[in-house]
Amino acid sequence: MALSRDQVLAWARDDLLFFSNYFLPRRWKFEAGIHRQMADHVSKAIRGEIPNSMLIGPPGCSKSTLWRDGIVRESLFNRNLIVLGVAEAMPEARNWVREVRRCLDEPRVVDYFGAVVDPKWDTQNGFSLIGRTEWDDNANVSAVGMTGPLQRKHAHIILGDDCFVLKNQRNPNNRDYLVKWFTRILSRRTRIPGKGTHLVNNRLMRDDCTTRLEEGFFKGASLVVSAEDETGKSTWPQAWPDERGVLGEDGQPLKTLPEIKEEMNRSGESDYEVMYLCTAVGEGDESIPPTAFQFYPDDVPLTEETRKGLKTRYGLDPGGTGDTKLQKSPWFALVRIGYSAEHGIAYVLDALQKRCGIHEQGQVFVEHWKENPGLVTFERNNMGIAIKEVCQREVIPHRAPYLTSDDHPYRVARLKGWMQAGRIALPGGKQGGSMKALISQLQKAPYGNPHDLVDALYYAVEGVMTREQQTGAPRLIRRREPE
């Protein structure tokens, strides 16, 4: 039985999922249980029943889409609503405005509501609506980038849409600053009476901004959805199938959750339990488990043919000022790996840690490099500049990415992922000296100190793994099973 026009409008006003599926059709209908949970959460937040709220979910679960659809629906029924979106940066903010604008131009929306956007007030940074009766300096829908200028910006609803990204959260000081800006500056831009400040974001790492906000500003007002239910089954089989064979929009088979987990562990970029199961800090151990340690040639074979094909890579952690009170020189750490592009394994071949001044550090490094030349990766800080000068003088190939924004726990988390995926092999047998110290530091990471060798290993491995992500993953050698 066909619905009348009044029935459609009444259902659309009361049910966000109906509005999304009817007025903004997409390839997949929102009909999974997590979509009902998220739709109810968004509807309550927009009605003002939850003054400040946060929605955390896995990548691709349509949480941002539902929030955007909720804003579109509310704007159609309330032309005086003022919404301020917050994205990672201004380009993403403009894309967000463009997406909301596009939804208002959907054929069914125009058929039921007519032209909505006022052509006199329509820019890439925001737009106003036809039928608005209360005017001020703010557009009905506008957006800004994270930590951007907020002069004269006030809104009934402030929505942070994936504004906390991984690259801005690797340093704890950055996380502190972003959380303070969001809670102490942005949130005060809500109108009175208003409907609050809201956030929709992925959980990206343990102790990230979303976790801090969940335990503080949004305490008791957060909805966390997971890609798996209590039995381990997918909560949205159309997007994350339990079995192979489900096709995506491009006609290609979608990855199953186990395949996604394996791929994430291989890349080491993030933690499946954090991103897809949305596990909060404290629910997992950040240390590297003993099962992740594998040694060659016992666990992983290293034939003479493979050894000849290894590409030498160095990771350096230059020392700083040292301990001036004890008059001790700083720690200098060096790790040399041999990377097998065929098997995707980084074999740790050599390690060195010693206290020495900056000039001696350069001499020690050059001596090691001349014996086994290879690309060098090091931290870009004040000491790294001195190492860079040495590399330029000695014509040593090097790369010094902006790694100082990565804090030690983040480096350990990536190493943990690579080690659990069988991407790093340590030398077996009895070890002494700096190699023994490296293994000991890995066992204590991220809580041990010093940890210079762990950071040096990360720099050496990070280069080849990043390059691999750009060129495609190799075939892996699996850990040997006990006989």
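Please read these numbers as outputs of a predicted model, since none were measured by experiment.
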Could you give the distance from [atom1] ([X]) to [atom2] ([Y]), rounded to the nearest 0.5 Å?
{"X": "T377", "Y": "D317", "atom1": "OG1", "atom2": "CG", "result": "12.5 Å"}
{"X": "M54", "Y": "F217", "atom1": "CE", "atom2": "CZ", "result": "10.5 Å"}
{"X": "L457", "Y": "E462", "atom1": "CG", "atom2": "CD", "result": "11.5 Å"}
{"X": "I71", "Y": "I157", "atom1": "CD1", "atom2": "CD1", "result": "6.0 Å"}
{"X": "K388", "Y": "L316", "atom1": "NZ", "atom2": "CG", "result": "14.0 Å"}
{"X": "Q441", "Y": "I288", "atom1": "CD", "atom2": "CD1", "result": "11.0 Å"}

In the structure I gave you, are the side-chain heavy atoms of [X] and [Y] within less than 4.5 Å of one another anywhere?
{"X": "I345", "Y": "I424", "answer": "no"}
{"X": "L349", "Y": "P427", "answer": "no"}
{"X": "L334", "Y": "Q361", "answer": "no"}
{"X": "V225", "Y": "P58", "answer": "yes"}
{"X": "V274", "Y": "D208", "answer": "no"}
{"X": "W96", "Y": "V86", "answer": "no"}
{"X": "P397", "Y": "L375", "answer": "yes"}
{"X": "V97", "Y": "N125", "answer": "no"}

Discussion item. Counting only heavy atoms from other residues, nucleotides and ligands, does the tally under 6.0 Å from CD of Q392 exceed 12?
Written reply: yes
Does [X] come within less than 4.0 Å of [Y], counting only side-chain N to carboxylate O?
{"X": "R98", "Y": "E92", "result": "no"}
{"X": "K354", "Y": "E360", "result": "yes"}
{"X": "R102", "Y": "E99", "result": "yes"}
{"X": "R101", "Y": "D105", "result": "yes"}
{"X": "D242", "Y": "K233", "result": "no"}
{"X": "D161", "Y": "R68", "result": "no"}

Discussion item. For D455 and H451: C-alpha separation, side-chain torsions, deciding distance, then whether side-chain hydrogen bond (donor to acceptor under 3.5 Å, both in side chains) applies.
Written reply: CA-CA 7 Å; D455 290 341; H451 49 68; 3.2 Å; yes
Discussion item. Would T312 and R336 count as a side-chain hydrogen bond (donor to acceptor under 3.5 Å, both in side chains) here? Give the steps.
Written reply: CA-CA 7 Å; T312 301; R336 176 169 61 92; 5.0 Å; no
Kindly give the heavy-atom pair with the smallest separation between [X] and [Y], and that separation in Å.
{"X": "F218", "Y": "T197", "result": "CE2-O, 3.4 Å"}
{"X": "K416", "Y": "P289", "result": "CE-CD, 4.0 Å"}
{"X": "L453", "Y": "A437", "result": "CD1-CB, 3.8 Å"}
{"X": "V454", "Y": "L442", "result": "CG2-N, 3.8 Å"}
{"X": "D69", "Y": "C103", "result": "OD1-SG, 4.5 Å"}
{"X": "G145", "Y": "A93", "result": "N-CB, 4.2 Å"}

Discussion item. Evaluate R355 against F332 for side chain to side chain contact (heavy atoms under 4.5 Å, CB included), listing each step before the verdict.
Written reply: CA-CA 6 Å; R355 289 188 179 275; F332 168 72; over 6 Å; no
Worksheet item: What do the steps show when you test Y339 against Y347 for side chain to side chain contact (heavy atoms under 4.5 Å, CB included), and what is the final call?
Response: CA-CA 6 Å; Y339 180 69; Y347 295 88; over 6 Å; no
Worksheet item: Checking side chain to side chain contact (heavy atoms under 4.5 Å, CB included) for the pair L166/Y410: CA distance, chi angles, key distance, verdict?
Response: CA-CA 10 Å; L166 183 62; Y410 171 78; 4.2 Å; yes
Would you confirm whether [X], through its side chain, and [Y], through its main-chain N or O, come within 3.5 Å as a donor-acceptor pair?
{"X": "T306", "Y": "L302", "value": "no"}
{"X": "R175", "Y": "Q169", "value": "yes"}
{"X": "H398", "Y": "I396", "value": "yes"}
{"X": "S62", "Y": "T65", "value": "no"}
{"X": "E215", "Y": "R212", "value": "no"}
{"X": "S340", "Y": "L310", "value": "no"}
{"X": "H198", "Y": "S53", "value": "yes"}
{"X": "T235", "Y": "I34", "value": "no"}
{"X": "E228", "Y": "L277", "value": "no"}
{"X": "R414", "Y": "Y458", "value": "no"}

Discussion item. Quick check on the 6.0 Å ring-centre criterion: do Y459 and F378 meet it?
Written reply: no
Fill in: Close aromatic pair by centroid cut-off 6.0 Å: F182 and F164
yes
Worksheet entry | Audit row: K167, E88, side chain to side chain contact (heavy atoms under 4.5 Å, CB included) steps and yes/no | CA-CA 10 Å; K167 67 181 181 181; E88 171 195 351; 2.9 Å; yes
Practice prompt. Determine, step by step, whether R36 and D40 satisfy the salt bridge (Lys or Arg N to Asp or Glu O under 4.0 Å) criterion, reporting the C-alpha distance in whole Å, the side-chain angles of both residues, the deciding distance to 0.1 Å, and the verdict.
Written response: CA-CA 6 Å; R36 172 55 61 190; D40 291 345; 3.6 Å; yes
Worksheet item: In terms of the angle between their ring planes, are W240 and Y276 parallel, tilted or perpendicular, with boundaries placed at 30° and 60°?
Response: perpendicular
Practice prompt. Report the residue from D162, N201, N202 that forms a side-chain hydrogen bond (donor to acceptor under 3.5 Å, both in side chains) with K63.
Written response: N202
